[in-house]
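On a predicted model such as this, the values are computed, not experimentally measured, just so you know. Below, read A as the first sequence line, B as the second, and so on, with proteins coming before strands; counting in each chain starts at 1.
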There are 2 protein chains.
Amino acid sequence: MLDAAVDAFAERGFGGTSTRDVAVRAGRSPAAVYVHYDSKEALLYAISLEGHMAALDCLKLAYASSEDPAARLHAMVFAFSDWHMENARLARVVQYELHALSKVHRADIVSLRRRFHRVMVGAVRDGIRAGQFQVDDVNGTARALLSLCIDLVRWFDPARGRNSRAIAQLNADLALRMVGDV
Amino acid sequence: MLDAAVDAFAERGFGGTSTRDVAVRAGRSPAAVYVHYDSKEALLYAISLEGHMAALDCLKLAYASSEDPAARLHAMVFAFSDWHMENARLARVVQYELHALSKVHRADIVSLRRRFHRVMVGAVRDGIRAGQFQVDDVNGTARALLSLCIDLVRWFDPARGRNSRAIAQLNADLALRMVGDV
DNA sequence: GATAGAACTAAGCGCCCGCTTAGGTCAACG
DNA sequence: CGTTGACCTAAGCGGGCGCTTAGTTCTATC
């Protein structure tokens, strides 16, 4: 059911998807959606929450993968880029359908999203402290690094068979340049 | 009418907007939409076409603003970033609602979008030829430079009063680092 | 003042929307 | 074997959807 909804929301957007679409994709009757979720919006929230947790785990894992600031940042941008391509449909829902959540649910998710930023800011500061990075605007640079990864969901299509490893590698290399790695 | 539709589509997405929403925002009756446009999708196409032309003009103008490759790239990323913030609602429709267009209309727009990429690739090649930039993957780097600007529409909110000049300036500075400007 | 044409609306058609209700099916358990 | 409870569906309610039609209002031109 969740999988079916992810596919539908990613393809047509939340507003453009009917609960009947989701049910058909899941091979169930229209009413089956409401056995598991109180509303269409609750279904989106469940997807968004799961997706954000998975993406955050991915980023934190990469942060912990190395002690060297440059290797660490490289790993983070590589992993986060890769995640957005390997989970393209889920990632698209996560990144594009925030506005469709209720106020309460959106506030929950937004507070989760601040953690992405904080982790990335931490990685940049590590490099500055070690004298390896040269960055004036830490917050802005962290935002730009995340942008580089997140924007992949706008155009990357797994079906087109592009080399996702090469793209993630390029993004990671560019990231090191962006922080003035020496 | 176009303005009203831009606002509505940017706020709720194409699928989540009804033609009645648009009409109310324009201060007209629901039928008035169909006096000017054949269908809801035709309305989106008109917006998308106008938006893409404006954005492309902005990028080309910046390209022509200087002969020096570094100054040129800096101007392009600054202008393109600035455009996405100054025209945040239009830009959001331009970047996020491609999938809602009919096949024929989408093909039109996609061919327009390839020009963005070509202009950016040209700017990067200029710098390589002049010995100022050090870039391995020209296409990938051009894509990343555009990503940096385009992803602004995902989170930038004019109402929040952030300093759009400073953000555009940062993006432009980061762009020069990304191409290994020496 | 008469006329043409563009801009607009009131009303509504047929369809699909989110969601509810009442009831059916079936494995697990005493 | 009877009961429970989780899972599911057929049917449908009230309402909003994209879009059409028939007719009105306004403005420019002679």
J.: Nearest to the Ser18(B) side chain among dC17(D), dT9(D), dC19(C), which nucleotide is it?
T.: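 Of the options given, the side chain of Ser18(B) lies nearest dC17(D).
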J.: What is the distance from CG of Leu44(A) to P of dG18(C), rounded to the nearest Å?
T.: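 Result: 13 Å.
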J.: Determine, for Tyr96(B) and Arg154(A), whether the Lys NZ or Arg CZ falls below 6.0 Å from the six-membered ring centre while staying within 45 degrees of the axis.
T.: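 No, Arg154(A) and Tyr96(B) do not form such a contact.
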J.: Can you find an N or O donor on one side and an acceptor on the other, under 3.5 Å apart, linking the side chain of Arg20(B) with the base of dG16(D)?
T.: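 Between dG16(D) and Arg20(B), which were checked side chain against base, a qualifying N/O pair under 3.5 Å is absent.
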J.: According to a strict under-4.0 Å criterion, is His36(A) in side-chain N/O contact with OP1 or OP2 of dA6(D)?
T.: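 Checking His36(A) against dA6(D): no side-chain N or O falls below 4.0 Å of OP1 or OP2.
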J.: Between Asp151(B) and His84(B), is any side-chain donor less than 3.5 angstrom from a side-chain acceptor?
T.: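 The criterion, which ignores hydrogens and geometry beyond distance, is not satisfied for His84(B) and Asp151(B).
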J.: Starting from C1' on dT20(C), measure out to NZ on Lys40(A) and report it in whole angstrom.
T.: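 My rounded result for the distance is 17 Å.
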J.: Closer than 3.5 angstrom, by distance alone: can the side chain of Arg72(B) be matched with the main-chain N or O of Ser66(B) as a donor-acceptor pair?
T.: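 Yes: the side chain of Arg72(B) pairs with the backbone of Ser66(B).
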J.: Looking at the side chain of Tyr34(B), which of dC17(C), dT9(D), dT20(D) is the nearest nucleotide?
T.: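 Of the candidates, dT20(D) comes closest.
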J.: Considering just the side-chain nitrogens and oxygens of Ser29(A), establish if one lies under 4.0 Å of OP1 or OP2 belonging to dA10(D).
T.: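 Checking Ser29(A) against dA10(D): no side-chain N or O falls below 4.0 Å of OP1 or OP2.
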J.: The test is side-chain contact (heavy atoms from CB on, under 4.5 Å); show your working for Leu145(A) and Phe80(A) and say whether it passes.
T.: CA-CA 10 Å; Leu145(A) 290 166; Phe80(A) 205 50; over 6 Å; no
J.: I want to confirm an ordering. Mapping Gly27(B) and Ala31(A) to their closest nucleotides on DNA chain C, which one lands closer to the 5' end?
T.: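 Upstream on the strand: Gly27(B).
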J.: Which nucleotide, dC7(D), dC19(D), dG18(C), lies nearest any side-chain atom of Val35(A)?
T.: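 The answer is dC7(D).
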J.: For DNA chain D, whose closest nucleotide is more 5', that of Arg28(A) or that of Thr17(B)?
T.: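 Between the two, 5'-proximity favours Arg28(A).
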